[in-house]
Amino acid sequence: MPATATRDFFIRQRDRLGVSVWAGLIAAGILTAQTPTNAPSAARKVSFYHKEGNRNVAHITASEATPQGGSLLLARNFRMETFREKDGSEELVAEAPECLFDMTTKLASSPGPIQVRHADGLFFLEGRGFRWDQESSRLIVSNHVHTVIQIAFFNPRSP
Amino acid sequence: MKALHATLIPAVLLSAALLIAKPGESAPAAATNNVDITARGPFEYDLKTGRLHWSEQVVVDDPGSLHLTCEDLVAERSLTNRRIESIVATSNVVITLFEGGVTSQARCGRAVYSAASDTFEFSLDNPVVTRLDSTSWADTIVFDRRTGKVHGRGNPRMKFNAGAFPQTNPMQRK
């Protein structure tokens, strides 16, 4: 191989490697941004994904999140979407004007109102006082629960 | 044989009487596409198992079809077809059913609804089914919504109200 061709080959490899490194760094940056590691230091809008491996488990947003010490955030206009393990489609959407969210345990709770909508239309629910445990996928609504269930979900023969 | 007759005959009578029962007087509300469930709470939903659980002063309202009150209600949802497969109501259960213009009421300690068979099974705390013209008791009473038939299992007995039968003397020759 002539010296020029060898030099060109190494330049191409260097450029290719450079592109890969940058792509890797960008991807890593995105993943890091989606998986919160530290609570924000001041009130600010938040939007992040809770992940298990590469799978999105939940998307959590708040118009304002204020650190409460430790891993706790006081979230205003809290909204959480959960995704099905099977196909990643939207499963549940919960909205609360205000709640405490623990970034470590993934627990959301509030004595205030909550509205929950099942993405497939199974039910709409509202009540006061709730606790959502992301790890166990369990929702508890404490008081004044009002649920509206579509009649089609009672009929095994309906589409 | 005697014991079988003792159980079977009242059960058949119970079924027959409930089938010929007159329409109830109370008019049900117009049917909708939704079922309303309210509870004092708490309510718990486990997404992994598909179990929904309402507690304390539970009221289920399916306008034109069913009205139920109880202290505890559990619905199990199929994880494959996402439909509700069964509902179990317990403690002070009162169900008013509106079926084809007929109103009936059941009181029991436990009521189980199976979506696959479209049946109610009433048990515990002396289940009783009341119609306009009769009252029926049994250890377990099963109501099939598809056929409208009611079966009593274990100690079935029945009381017909005055006026349940035609005002003629069956012993009188024509």
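Protein chains get the first letters and strands the later ones, always in sequence-line order, with residue 1 at the start of each.
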Part of [X] lying under 4.5 Å from any heavy atom of chain B:
X	answer
A:Arg84	side chain
A:Asp120	side chain
A:Thr82	side chain
A:Glu91	side chain
A:Phe124	neither

Which heavy-atom pair separates A:Phe130 from A:Cys99 by the least distance, and what is that distance?
CZ-CB, 3.7 Å
Nearest heavy-atom neighbours spanning B:Phe120 and B:Arg145
CE1-CD, 3.5 Å
So which of B:Val35, B:Leu52, B:Asp46, B:Asp36 has the biggest tally of heavy-atom pairs under 4.5 Å with chain A?
B:Val35
Check whether the side chains of B:Asn161 and B:Asp133 place a donor and an acceptor atom closer than 3.5 Å, and report yes or no.
no
Just by distance, with hydrogens left out, do A:Ser71 and A:Asp102 show a side-chain donor and acceptor under 3.5 Å apart?
yes
With rounding to the nearest 0.5 Å, note down the distance linking OG in B:Ser86 to CZ in B:Arg77.
13.0 Å
Shared ILVMFWY cluster between B:Tyr113 and A:Ile151, side chains joined below 4.5 angstrom?
yes
Any idea which of [options] has the most non-hydrogen atom pairs under 4.5 angstrom with chain B?
options	answer
A:Lys86, A:Arg131, A:Gln150	A:Gln150
A:Ile140, A:Thr147, A:Leu122	A:Thr147
A:Val141, A:Val116, A:Leu125, A:Leu92	A:Val141

Please determine whether salt bridge (charged side-chain N to carboxylate O under 4.0 Å, His left out) holds for the pair A:Glu81 and A:Arg79, giving the CA-CA distance in whole Å, both sets of side-chain angles, and the decisive distance to 0.1 Å.
CA-CA 7 Å; A:Glu81 281 174 273; A:Arg79 185 177 196 273; 3.3 Å; yes
